[in-house]
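What follows is one structure encoded as structure tokens, with my remarks underneath.
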There are 2 protein chains.
Amino acid sequence: MRVVIAKCSVDYAGRLNAHLPLATRLLMLKGDGSVLIHSDGGSYKPLNWMSPPCSVSDVEVEQDQADAGITEIWKVVHHKTADMLVINIHEIFSDASHELGVDPGLIKDGVEAHLQKLLAEHIETLGEGYQLVRREYFTAIGPVDILARDENGGHVAVELKRRGDIDGVEQLTRYLELMNRDPLLAPVQGVFAAQEIKPQARTLAEDRGIRCVVLDYDALRGMADHNALF
Amino acid sequence: MRVVIAKCSVDYAGRLNAHLPLATRLLMLKGDGSVLIHSDGGSYKPLNWMSPPCSVSDVEVEQDQADAGITEIWKVVHHKTADMLVINIHEIFSDASHELGVDPGLIKDGVEAHLQKLLAEHIETLGEGYQLVRREYFTAIGPVDILARDENGGHVAVELKRRGDIDGVEQLTRYLELMNRDPLLAPVQGVFAAQEIKPQARTLAEDRGIRCVVLDYDALRGMADHNALF
DNA sequence: GTATGCATGTCGCAA
DNA sequence: TTGCGACGTGCATAC
């Protein structure tokens with residue numbers, strides 16, 4: 001990885017056109033050819049970038065460009081699309097390369113997939129006598145997170161979110177509408193389950209007869225641990 | 001901005017829990033307290049990060065941690081949420097600070113507004129005899145991208161997207177529901193126009209009687225160019 | 001390879 | 001602050 005601190009201006013042409021006026025920035029050139037241009041602030045998103053697969057090449061500086069103060073021009077082209085990034089270097093303050101090696105990668109815990117697995121394994125969390133039919137029950141408009149049966153054998157469609165928002169309720173509503181047209185499934189009840197449910201989402205859901213369940217991730221994991229122990 | 005190349009392991013606890021095993025990485029500490037942890041590869045997204053507002057502090061290294069090879073511990077805490085990032089430094093290979101100043105920011109030249117303008121100017125793309133009523137037709141729940149009339153004088157509401165997704169169909173459905181309650185407008189037909197329409201979105205749209213139209217941006221631009229020429 | 005939905009999404013705007 | 005829509009969304013995964 002090469003890290004350069006330089007005064008530069010940047011132009012991007014691809015899915016849109018964008019321009020960065022002259023300023024001092026950090027340029028990160030990664031081993032796979034990708035380039036990131038960061039300012040001292042903002043978020044993790046660079047001001048501008050080129051995603052791999054791509055490659056960087058030096059372009060000869062014309063006389064008029066040199067007169068304008070440009071000392072180097074780096075052209076980054078994407079290998080598959082026509083995306084292009086041109087970095088006009090005016091002054092380099094620092095330029096260092098480091099060998100980082102391959103990263104072992106991030107280990108995540110607590111994403112929706114994991115939550116879904118835990119809830120499916122402990123579907124009785126939703127109510128006594130509940131039984132799992134299957135995860136990712138497929139419909140014409142997408143997969144329902146969990147399909148279950150309640151204590152009376154009636155179908156229950158569960159939409160699972162980390163944060164329960166209005167669009168999650170809309171999603172579940174679409175599934176319910178479709179599934180309730182299927183005589184083999186109807187009537188299907190809806191359960192909106194999330195670690196946190198926004199008030200407006202709850203209002204909308206309950207107005208539509210959808211039950212809201214706030215999940216305790218740690219408690220679910222605790223149950224899993226308990227089962228693992230015994 | 002401070003840029004550090006170090007062998008480190010990282011733990012994040014917040015919206016989820018995540019762990020980075022020991023490896024050499026780039027640590028970017030920005031002026032606003034935010035921290036980015038990058039590997040030599042991947043995309044513009046860091047392996048791990050903390051968004052501002054947040055602050056970094058040094059934590060004293062316990063004896064057993066020192067025995068494990070840890071020389072420094074940086075703790076990054078978010079000021080508003082309980083999000084926390086702990087960086088265990090084992091070895092620092094490079095540590096440099098640079099004054100970057102405030103960035104003038106990115107100047108974008110988008111394509112979205114342009115597409116709407118082009119379609120409005122060539123509304124007959126949607127069908128012979130179509131006539132533009134107006135762009136950004138305002139309703140109580142938001143502006144409809146384009147309102148037009150078909151060859152029979154009936155109203156047509158057009159929702160325009162670069163990528164036609166289910167969300168866009170929902171949006172248009174809400175508009176249509178509202179507009180069809182207005183005796184001055186009803187009946188209003190719906191047209192879902194995008195450069196690309198996802199199959200599931202198409203299914204949902206057609207199930208609701210909404211017509212799907214795939215737009216050719218280059219062709220529309222070509223028509224505009226042609227008009228500009230003659 | 002294409003298609004689909006999640007994301008520590010982030011970001012910006014408006015009410 | 002919350003809601004809502006766009007993003008050069010990126011990204012993994014199932015088909």
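So that the names make sense, note that chain A is the first sequence line, chain B the second, and so on, each numbered from 1.
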| request: Check the pair A:Gln116 / A:Arg135 against side-chain contact (heavy atoms from CB on, under 4.5 Å), numbers first and verdict last. | output: CA-CA 8 Å; A:Gln116 186 189 109; A:Arg135 289 164 57 190; 3.0 Å; yes
| request: Apply the test side-chain contact (heavy atoms from CB on, under 4.5 Å) to residues B:Arg211 and B:Gln189: give CA-CA distance (whole Å), side-chain angles for both, the deciding distance (0.1 Å), then the verdict. | output: CA-CA 8 Å; B:Arg211 184 155 69 95; B:Gln189 289 293 308; over 6 Å; no
| said: Set out, in order, the CA-CA distance, both residues' side-chain angles and the distance that settles side-chain contact (heavy atoms from CB on, under 4.5 Å) for B:Met28 and B:Trp49, then state yes or no. | reply: CA-CA 9 Å; B:Met28 201 188 305; B:Trp49 71 94; over 6 Å; no
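When rounded to the nearest whole Å, the span between CG of B:Leu160 and P of D:dG5 equals 15 Å. Distance, A:Leu36 CG to D:dG10 C1': 12 Å, rounded to whole Å. A straight line from NE2 of A:His38 to C1' of C:dT10 spans 13 Å, rounded to a whole angstrom. Nucleotide C:dG9 holds its C1' atom 15 Å from the CG atom of B:Asp167, rounded to whole Å. A straight line from CG of B:Leu204 to C1' of C:dA3 spans 17 Å, rounded to a whole angstrom. Summarising the geometry, the separation between CD on A:Glu136 and C1' on D:dC15 is reported as 13 Å, rounded to the nearest angstrom. In this entry the distance linking CZ of A:Arg202 with C1' of D:dT2 reads 17 Å, nearest Å. A:Met84 places its CE atom 14 Å from the C1' atom of D:dG8, with the value rounded to the nearest Å.
Straight-line distance between the P atoms of C:dT4 and C:dT8: roughly 22 Å, to the nearest whole Å.
The phosphate of D:dC4 (OP1 or OP2) has no side-chain N or O of B:Gln171 nearer than 4.0 angstrom. Between A:Lys108 and the phosphate of C:dT8, there is a side-chain N or O to OP1/OP2 separation shorter than 4.0 Å. A sub-4.0 Å separation between OP1 or OP2 of D:dA6 and a side-chain N or O of B:Lys161 is present. Considering only side-chain N and O atoms, A:Lys45 lies nowhere under 4.0 angstrom from the phosphate OP1 or OP2 of D:dC7. Residue A:Gln116 has no polar side-chain atom (N or O) positioned under 4.0 Å from OP1 or OP2 of C:dC6. Remark: B:Arg163 is not in phosphate contact with D:dC7, judged by side-chain N or O atoms under 4.0 Å from OP1 or OP2.
Listed nucleotides D:dG8, C:dT8, C:dC6 differ in distance to B:Arg15; the shortest reach to its side chain belongs to C:dT8. Closest contact between the side chain of B:Pro199 and the listed nucleotides C:dT4, C:dG9, C:dC6 involves C:dT4. Ranking C:dT8, D:dG8, D:dT9 by closeness to the B:Trp49 side chain, first place goes to C:dT8. Comparing C:dA7, C:dT4, D:dG3 by their closest approach to the side chain of B:Lys198 singles out C:dT4. The listed nucleotides are C:dT10, C:dC6, D:dG5; the one nearest the side chain of B:Ser51 is C:dT10. Here C:dG5 is the nucleotide among C:dT8, C:dG5, D:dG8 with the atom lying nearest to any side-chain atom of A:Pro143.
Applying side-chain contact (heavy atoms from CB on, under 4.5 Å) to B:Val4 and the options B:Ile37, B:Ile87, B:Ile92, B:Leu26 leaves one that passes, B:Ile92.
If you check every strand for non-hydrogen atoms under 4.0 Å, A:Lys80 touches nothing. Here B:Arg174 lies in heavy-atom contact (under 4.0 Å) with sugar-phosphate atoms only. Within 4.0 Å (heavy atoms only), A:Leu106 reaches at least one base atom of the nucleic acid. Residue contacts shown for B:Tyr44 are limited to sugar-phosphate atoms, with no base heavy atom under 4.0 Å away.
Counting heavy atoms from C-beta on, the side chains of B:Ile5 and A:Leu100 come closer than 4.5 Å. For the pair A:Cys212/A:Val214, no side-chain contact is recorded, criterion being any heavy-atom separation below 4.5 Å from C-beta on.
Toward the 5′ end of DNA chain D lies the nearest nucleotide of A:Ile166, the other residue of the pair A:Pro52 and A:Ile166 mapping further downstream. Heavy-atom distances to DNA chain D give each of A:Leu85 and A:Asp165 a nearest nucleotide, and the one nearer the 5′ end belongs to A:Asp165. Residues B:Asp83 and B:Glu196 each lie close to DNA chain C; by heavy-atom proximity, the contact nearer the 5' end of the strand is made by B:Glu196. Between B:Met50 and A:Gly142, the one whose closest nucleotide on DNA chain C sits nearer the 5' end is A:Gly142.
A salt bridge between B:Glu159 and B:Arg174 is absent, with no side-chain N of the basic residue lying under 4.0 Å from a carboxylate O of the acidic one.
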